[in-house]
Amino acid sequence: MANDRREELLKELREGVVEFDEERVKAAAQAVVDEGLNAYDAIMNGLAAGMEEVGELYDQQEYFVPELLMCADALYAGLDILKPHIRPEDIGATAKGQVVIGTVQGDVHDIGKNIIKMMFEVAGFTVHDLGRDVPLEKFVEEQLKTDSEIVALSAMMTTTMMGMKKVIEMIKEKNPNVQIMLGGAPVTSDVAELFGADGYAESAGNAVQEAVKMISNLRKLQNQGQQEQKDS
Amino acid sequence: MNPKERVQKFFRREPVDTMPLFSGMGTVTVQAIEALGYQFAKVHTDAEMMANLALKSAEMYGYDGVVVPYDMCTVPEALGRGVSLYEDAEGILYPTVPTKWANLDEVDLPEDFSTIFSRGRMPVVDEALKRCLDYEGERGKLAVGGWVLGPFTMAGQVIELDVLLKGVAKDRQRVTAFLDRMTELVIAVARHYQELGVDFINIREMGSGTDLLSPRMWKMLIKPNLEKVFAALEVPKVNHICGGTDLIVEMMNDCGADAISVDQKNNVAESRRKLGDDALILGNFDPYGTLVQMDAAEVPAVIRKCIDDGVDAVWPGCDIWPDVKQENMEAYVKAVRDYGRQPTPAVGRL
C-alpha cells in the first residue's frame, strides 16, 4: 500500500514538473512530507525524473526554452517543500559536494546557468552562485574559499567564451583535482577539450541531460561508497 | 566596380563582377586593433576610433563593407539601462547591459523614441557612420551597414529574458504590448540610420532561433513584428537570425526583407531548395571555429561549402571574434574571391 502511494506521488511530482503545474507539484510534495514518505526519493525519482523527461521533450523539439523555464519553476516549488525534510543518511558522502557556478565576465545571459544550478540543488549540492558577468578571478577565489569540488562556467556568446579558458587555467594551476564543467551555446565538446574542461553542455536542454547524467553518476558513486563502507 | 557599388548591385540582384565580401555583423580584427594601437574597450565611446577600426579592418583584408557599432548596448544604454565597457578587463570583451528592468511593471519607455538619438552613445554611432560614409580609400567607397537588434532580442536586452519568455505563456497580453513598443523602437532607430545614408540595414533578431522559441511561437510573436520593421524601411534590409533556423527559414524569408542571413546551424542546401533561386541567402560559416580555431589550410573548404550549398554572399554566422589568425582571414578572403567569381542562385555575374 505504502509503495502504491509512493508511486502515485512520484507520478504526480513527475507529471507536475513536465506539465509545469506548480500547484500540482506543491500538493504532491506536501503530501510526501505529511505522510512521512522519503523526501530525497521524491526529489530524485519525482522532480528530477520529471526534469529528465523535460530534457527529452526539449531534444525532440516539442518543448522550447519558455517551457523549460516554467518546468523549472514547478520543480523549485516542490524542492522548496521537500528539501528541509531530507535525512542526512539519504544523501551520503557525495552530496556534501559543493559547486561554484556563474556566467563569465562579459556575459549577462544566465538562463542555462540557472537551470544547471537547479539540477545541482536537486542533487543535494551546496551551490555557490556567483551570478552573471563574473570577473574571472572571482571563480578562483570562491573555489579556494569554499574548497568546492566542481566549478561550472557558462557563456552564451562566443565573444565571452575565451574567458573560460583563463579561469580553467587559473583553477587547475592552484588545484588540478577540481572538476570543471562548461556550458552555453558556443561551447562544443572540442572547445571544452581544448580549454581543458572535464564536461560540457551546449544548450539549456542539453544542460538538463548533462546534469541528469551527472546526478546518476553521483548516485552510482554514492552507492559504491556505501558498499565500500559496509565491506570495511 | 568599387566595393560600395558591388554591394548595392548585389542587393538589387543585378550582376556583379564577383561575390561581395562583407557582413552585417562586426568584422573587427585584432590585427587592425594592434595596427592602430587602440584598446578595444575605448573604441565604443569614440566615433573616430570606432570608424577607423572598422575601416582599417576592411582595408587590411579587402572587405567591401563596414559595420558599426560593435556592441548591442547602444540603444538599451540610451533607454537608461547603462553600459559595462570592461575597460579594466584583460583581453577583448564586448560591452554588456548591466541593469535590465526586472519585470514589466518597471519598464519606463519614452513616448517619442526619437528623443533617444541624443542620449548615451547614440551620437557617437551616428558620427562613426558618417565618417564611414564619407571615407574613400584606394579601392573607392566602401558599403556601410547599419544594424539594429530585432524587437524580441531588443526586449531581451532591456528586460530579464526569463521574465519575457515565461510571460509569453503566462502574461501574453502585456508581453505582446511590450513587444509592440519594442517594434516601434527598432523602426525608429533603423529609420534614423536609413536617413544617415547607410547602404543596408541588418535586423538581428538573433535571440529568436528555435533553440529558444518554437516555430509556432515564432510565427505568432516574432514574424508580425519583423514584418512591420521591414515594411517601414526602404533601404536594403537583411533578416538575420542565429542558432536553429531550419524550421523557420521559410517564415524568415516571408518577412519582407531583401535577404536572410543564417548561421552554421542552418542547412543552407535545404533552405535553398525550400526558398528557390530568387531568395538572397547570406551565410553561414562559424566565425570562431573557422577563423580562430582551424588551420588556415582547412578554411577554403568551409567557404566553398557555403557557396556550394547556395549562399549568394558568404557571411559569418555572427560577429567575427577579433582574435582571428591572420592566415585564416587571408584564406577566407581569398576563397570568397576565388570561388565567388561564379554566379550564385539569386545574383548573376558580369
Side-chain angles (χ1 to χ4, degrees), chain A residues 20 22 57-74 103-115 131-137 155-167 170 184-188 190-191 193-195 202-207, chain B residues 26 70-73 84-86 88-100 156-157 160-170 175 206-207 209-218 221 242-244 246-247 263 265 286-289 292-294 316-323:
Chain A
F20 39 88
E22 285 182 47
L57 288 167
Y58 179 87
D59 278 352
Q60 292 157 10
Q61 296 193 307
E62 197 166 320
Y63 273 13
F64 293 82
V65 175
E67 288 85 3
L68 279 189
L69 292 171
M70 289 187 287
C71 293
D73 279 355
T103 304
V104 295
Q105 186 174 43
D107 216 317
V108 294
H109 303 85
D110 59 0
I111 286 178
K113 185 268 289 176
N114 288 339
I115 288 176
R132 58 192 180 191
D133 198 11
V134 180
L136 306 183
E137 58 278 12
M156 173 71 183
M157 298 157 78
T158 312
T159 48
T160 50
M161 189 174 67
M162 297 308 290
M164 292 175 155
K165 191 178 178 191
K166 288 185 206 155
V167 177
M170 288 193 280
V187 180
T188 62
D190 286 349
V191 169
E193 198 181 328
L194 188 75
F195 286 7
E202 65 178 10
S203 64
N206 184 245
Chain B
Y70 311 121
D71 68 282
M72 55 185 82
C73 312
S84 300
L85 293 168
Y86 305 109
D88 298 326
E90 199 187 317
I92 291 168
L93 284 180
Y94 282 81
T96 58
V97 179
T99 52
K100 297 182 184 183
Q157 286 291 306
E160 291 297 342
L161 192 57
D162 57 342
V163 171
L164 192 66
L165 290 171
K166 284 189 279 190
V168 167
K170 293 181 172 174
V175 166
M206 48 203 187
T210 53
D211 320 81
L212 210 63
L213 299 176
S214 67
R216 185 171 155 270
M217 201 175 273
W218 201 90
L221 211 65
C242 49
D246 281 335
L247 301 174
D263 79 2
K265 282 196 178 174
D286 167 11
Y288 181 76
V292 181
Q293 285 184 296
M294 246 174 218
C318 189
D319 296 292
I320 286 180
W321 169 248
D323 205 6

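Within every chain, numbering begins at 1; the chains are lettered A, B, ... in the order of the sequence lines, protein sequences first and strands thereafter.
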Portion of B/Val97 that has a non-hydrogen atom of chain A nearer than 4.5 angstrom: backbone
B/Leu247 versus chain A, the contacting section by heavy-atom distance below 4.5 Å: side chain
Name every donor-acceptor pair, under 3.5 Å, that has one atom in a side chain of residues 61-69 of chain A and the other anywhere in the protein, sequence neighbours excluded.
unit_1	atom_1	unit_2	atom_2	d
A/Tyr63	OH	A/Val18	O	2.6
A/Glu67	OE1	A/Phe64	N	2.8

A/Asn114 versus chain B, the contacting section by heavy-atom distance below 4.5 Å: neither
Pairwise distance CG(B/Asp162) to CG(A/Asp110) - rounded to 0.5 angstrom: 7.0 Å
Taking every non-hydrogen atom, the tightest pair across B/Thr96 and A/Asp133: OG1-OD2, 3.9 Å
Pairing of A/Glu22 and B/Lys170 as salt bridge, 4.0 angstrom limit: yes
Close side-chain approach of A/Val108 to B/Lys100, heavy-atom, < 4.5 Å: yes
Below 3.5 Å, can you tabulate the donor-acceptor pairs from side chains in residues 209-216 of chain B to any protein atom, sequence neighbours excluded?
unit_1	atom_1	unit_2	atom_2	d
B/Thr210	OG1	B/Gly244	O	3.1
B/Asp211	OD1	B/Gly244	N	2.7
B/Asp211	OD2	B/Lys265	NZ	2.8
B/Ser214	OG	B/Met217	N	3.0

